[in-house]
Amino acid sequence: MGGTKRLMDVDDDSYGTDSSVYYRFLDAELPPERVKGIASAKVVEKLAEIVAAVQGAGRSCSYEEVRKQYVALHKLLNERGHIAPRFRPTLRGPKGWGAARTPEHNLISNDHQVLDLHWLSTEGSVSDRELPPRWRGLFRDGIDHDLASRFAGTAGSAEKKADILALSVGQQLELRSLQTDAVRKWWDREQAVHRRVRIAVMCEARKIPNLRDKHLLWADGWQATRCADYAGGSGPFWYERITGMSIAPSTLSYIKKRVPKLEEYRRTAPAGED
């Protein structure tokens, strides 16, 4: 993905919404002729453009205007298994409890939750037979969008939904919104660490020229090792989930060894961190 801007903050969507029994997911797909010719990296870039248009400093459109395209692009990445939902450019909700929430925020939040369910359906990682009776059929023959809409709009908080689906920590860590408070808080801390690593590598590159333009590689690689330590799985598995690209285990081992020794990383370590 090179230098593509990625907005990965998971925010108040994590609390979930019981916004409306009338919520209905807008199922959308790109025309077949466009799907064949568009690379996944271009899909990610387009998502970043949509995020900037809807929520950037120079907001130029509403979510309703781009909703169909936003959903279709995320569904395409889901179907390709390319970059898990958490690690893509996504629209944000208001930060924290009590923050002003608009109907648009609720719509975005519910759409994110159905897109999470769609990812789970493409991965085949949740057994429909083990769901509570009310929600059986959610993942039968892929995904039932009507039932998914009801689940997103009426099933309670994101934590309650993660419990209904019996999601593992690893499954939650791949998703944009459906997660427990513990996973959400861990991820919020990791976002700060990701920024620290990026800055530390850029500072180190002033002294070591071959580190130039390696800040994203090292920050994503470090994050992949942290995800593996927290949720299980291998570093290369998580690196592919984060970036859509492969990496040699030896490269990740080197990054994991070197990052804690970077001068700027040590200097900015919170009190009490090893």
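Numbering of residues begins at 1 and proceeds along the displayed sequence.
Counting only distance, with no hydrogens or angles, the side chain of T154 and the backbone of F151 share no donor-acceptor pair below 3.5 Å. Not one N or O on the side chain of S109 forms a donor-acceptor pair closer than 3.5 Å with the backbone of N106.
Side-chain contact annotation: T102 with H105, donor-acceptor N/O pair under 3.5 Å present. When only modelled atom types and interatomic distance are considered, N78 and R88 share a side-chain donor-acceptor pair under 3.5 Å.
Looking at residues two or more places apart in sequence or on another chain, you find no salt bridge (Lys or Arg N to Asp or Glu O under 4.0 Å) involving E240. For Y230, the ring-ring contact (aromatic ring centres under 6.0 Å, His included) partners at least two apart in sequence or on another chain are W186. Partners of A148 according to the side-chain contact (heavy atoms from CB on, under 4.5 Å) rule, which considers only residues two or more places apart in sequence or in another chain, are V114, L117, L138, I143. For the ring-ring contact (aromatic ring centres under 6.0 Å, His included) test, residues two or more places apart in sequence or in another chain that qualify with H74 are Y70.
Atom CG of L147 is separated from atom CZ of R134 by 9.0 Å, given to the nearest 0.5 angstrom. Taking CD1 from I50 and CD from E65, the interatomic distance works out to 11.5 Å, rounded to the nearest 0.5 Å. Here the CG atom belonging to N210 is positioned 9.5 Å from the CZ atom belonging to R212, to the nearest 0.5 angstrom. To the nearest 0.5 angstrom, S234 atom OG is 13.5 Å from Y239 atom OH. Once rounded to the nearest 0.5 Å, the distance linking CG of L115 with OG of S177 reads 9.0 Å. Summarising the geometry, atom OG belonging to S157 is positioned 11.0 Å from atom CD belonging to Q179; distances are rounded to the nearest 0.5 Å.
A salt bridge links E123 to R241: at least one charged side-chain nitrogen sits closer than 4.0 Å to a carboxylate oxygen. Salt-bridge check for D116 with R176: failed, with every basic side-chain N at 4.0 Å or more from each acidic carboxylate O. The pair R86-E174 fails the salt-bridge criterion, with no side-chain N (NZ, NE, NH1 or NH2) lying under 4.0 Å from an Asp/Glu carboxylate O. A salt bridge links R184 with D181: at least one charged nitrogen is closer than 4.0 Å to a carboxylate oxygen. Ion pairing between a basic and an acidic side chain is recognised when a charged N comes within 4.0 Å of a carboxylate O; R59 and E104 show such pairing.
Counting only heavy atoms from C-beta outward, the side chains of V44 and P89 approach each other to under 4.5 Å. Taking 4.5 Å as the limit, some side-chain heavy atom of L76 sits within range of a side-chain heavy atom of I38. Proximity of V183 to L175: side-chain heavy atoms (C-beta onward) are nowhere separated by under 4.5 Å. Residues Q171 and V126 are in side-chain contact: their nearest non-hydrogen atoms beyond the backbone lie under 4.5 Å apart. Using a 4.5 Å heavy-atom cutoff, the side chains of L178 and Q172 are not in contact. In this structure the side chain of V201 never reaches within 4.5 angstrom of the side chain of L217, judged on heavy atoms. Side-chain contact between H194 and D220: present, with at least one pair of heavy atoms (C-beta onward) separated by less than 4.5 Å. The side-chain heavy atoms of T90 and P85, taken from C-beta on, include no pair separated by under 4.5 Å.
Nearest heavy-atom pair, A200 versus L262, reported as atom, atom and distance to 0.1 Å: CB-CD1, 4.0 Å. The two residues G233 and A228 have their closest heavy-atom pair at O-CB, 3.3 Å. Nearest heavy-atom pair across W238 and G232 is NE1-O, 2.8 Å. Between Q223 and Q191 the shortest heavy-atom distance is NE2-OE1, 3.3 Å. Residue R198 comes nearest to L216 through the heavy atom pair CD-CD2, 3.8 Å, listed as atom of the first residue, atom of the second, then distance. Closest of all the heavy-atom pairs between R196 and T268 is NE-OG1, 3.2 Å.
For residues 250-264, the pairs satisfying side chain to side chain donor-acceptor pair (under 3.5 Å) are K207-E263, D229-K256, Y254-R258, E264-R267, with sequence neighbours left out. Sorted by first and then second residue, the salt bridge (Lys or Arg N to Asp or Glu O under 4.0 Å) pairs involving residues 163-172 (not counting sequence neighbours) form an empty list.
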Stepwise side-chain contact (heavy atoms from CB on, under 4.5 Å) test for K161 and Q113: CA-CA 10 Å; K161 291 166 184 169; Q113 292 173 59; 2.4 Å; yes

Full working for side chain to side chain donor-acceptor pair (under 3.5 Å) between Y63 and D111: CA-CA 11 Å; Y63 178 57; D111 280 353; 2.7 Å; yes

Working for side-chain contact (heavy atoms from CB on, under 4.5 Å), residues L120 and L167: CA-CA 10 Å; L120 292 170; L167 298 177; 3.9 Å; yes

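Counting non-hydrogen atoms of other residues, nucleotides and ligands closer than 6.0 Å to CG of D141 gives a total of 12 or fewer.
For W187 and F87, the gap between ring centers is short of 6.0 Å.
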